[in-house]
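Each remark here refers to the structure printed beneath this line.
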Amino acid sequence: MSEYIAKGTLLKKGTSSPVTIANIMNITPPNLSRDALETTKHNDSNRWRTFIPGLVDPGEVKLDITWDPAETSHDFLTDIASATIGDYSIVFPDTAATTWTFKAFVTGFEPSGEVDGLLSATVTFKLSGPVALADD
């Protein structure tokens with residue numbers, strides 16, 4: 001088993017000539033979850049609830065960035081206004097460069113500018129559909 005430092009994790013937008021989102025300070029990869037559908041019946045012979053797996057929610061990706069309004073990869077206002085579902089990938093800094101690809105759209109852009117801090121923003125992406133897991 002190996003441990004890896006998270007530094008170097010990338011979020012890329014697009015597929016043919018992907019653009020790397022600049023200045024990521026923190027990234028939270030998709031938080032996948034599956035619904036549990038109850039199948040318990042009145043005429044079941046025991047007193048145990050039963051379930052089957054339901055739909056998968058691919059979750060969200062969250063970024064904390066040092067925001068540069070002039071950086072083209074930081075045009076999140078346009079992304080929100082366009083309501084376009086785009087192609088994204090997260091590339092992890094392991095030896096295999098493990099890559100998760102998915103479709104997503106921007107649901108949140110929260111810029112912040114404290115007097116004694118960096119110009120920053122939190123960006124939230126909602127995933128739509130499956131996450132493809134692959135090693136490069």
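Atom CG of Leu10 sits about 9.0 Å away from atom OG1 of Thr99, to the nearest 0.5 Å. In this structure, the separation between OG on Ser89 and CH2 on Trp100 is 12.5 Å, given to the nearest 0.5 Å. Remark: Trp67 CH2 to Ser112 OG distance equals 10.5 Å, nearest 0.5 Å. Atoms CD1 and CG, from Ile52 and Leu37 in turn, are 5.0 Å apart once rounded to the nearest 0.5 Å. The distance from the OG1 atom of Thr20 to the CG atom of Leu11 is 8.5 Å, given to the nearest 0.5 Å. Here the straight-line distance linking atom NZ of Lys103 with atom CG of Asp87 works out to 3.5 Å at 0.5 Å rounding.
Pairing each heavy atom of Pro18 with each of Lys12, the nearest pair is CB-CB, 4.0 Å. For Val56 against Pro58, the heavy-atom pair with the smallest separation is O-CD, 3.6 Å. Minimum interatomic distance between Gly8 and Pro93 (heavy atoms only, all atoms of both residues): C-CB, 4.1 Å. Pairing each heavy atom of His74 with each of Thr66, the nearest pair is CE1-O, 3.3 Å. Closest heavy-atom contact between Pro29 and Ile27: CD-O, 3.6 Å. Taking both residues in full, the closest heavy atoms of Ser73 and Ala22 are given as OG-N, 3.1 Å, listed atom of the first, atom of the second, then distance.
Using a distance-only test at 3.5 Å, with no hydrogens or angles considered, a donor-acceptor pair links the side chain of Asn31 to the main chain of Glu60. Between the side chain of Arg34 and the backbone N or O of Pro53 there is no donor-acceptor pair closer than 3.5 Å.
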Tell me, with the steps shown, if Val91 and Thr9 meet side-chain contact (heavy atoms from CB on, under 4.5 Å). CA-CA 6 Å; Val91 182; Thr9 303; over 6 Å; no

Thr39 vs Thr50, side-chain hydrogen bond (donor to acceptor under 3.5 Å, both in side chains): CA-CA, chis, key distance, verdict: CA-CA 5 Å; Thr39 59; Thr50 57; 2.7 Å; yes

Between Asp57 and Lys126, is a salt bridge (Lys or Arg N to Asp or Glu O under 4.0 Å) present by the stated rule, with each step listed? CA-CA 10 Å; Asp57 182 342; Lys126 177 62 181 167; 2.7 Å; yes

Under the salt bridge (Lys or Arg N to Asp or Glu O under 4.0 Å) criterion, do Arg49 and Asp44 qualify, and how do the steps go? CA-CA 9 Å; Arg49 292 183 184 274; Asp44 286 346; over 6 Å; no

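Hydrophobic clustering (side-chain heavy atoms under 4.5 Å, transitive across Ile, Leu, Val, Met, Phe, Trp, Tyr) keeps Leu55 apart from Leu127. Leu77 and Phe105 are not part of a single hydrophobic cluster, where members link through side-chain heavy atoms under 4.5 Å apart. The cluster map of Ile, Leu, Val, Met, Phe, Trp and Tyr, joined by side-chain heavy atoms under 4.5 Å apart, puts Trp48 and Phe51 in different clusters. By the criterion of side-chain heavy atoms lying less than 4.5 angstrom apart, applied directly or through intervening Ile, Leu, Val, Met, Phe, Trp or Tyr residues, Ile85 is not grouped with Phe125; the two fall into different hydrophobic clusters. By the criterion of side-chain heavy atoms lying less than 4.5 angstrom apart, applied directly or through intervening Ile, Leu, Val, Met, Phe, Trp or Tyr residues, Leu32 is grouped together with Ile90 in one hydrophobic cluster.
With ring centers used as reference points, Phe92 lies 6.0 Å or more from Tyr4.
With a 6.0 Å radius and a threshold of 12 heavy atoms from other residues, nucleotides or ligands, Glu38 has its CD atom above the threshold. Residue Lys62 qualifies as open at atom NZ: its count of foreign heavy atoms under 6.0 Å is 12 or below.
Contact of the Met25 side chain with the Ile65 side chain is not registered, since no non-hydrogen atoms from C-beta on lie closer than 4.5 Å.
Ring orientation note: the planes of Phe76 and Phe109 are tilted relative to one another, at an angle of 30° to 60°.
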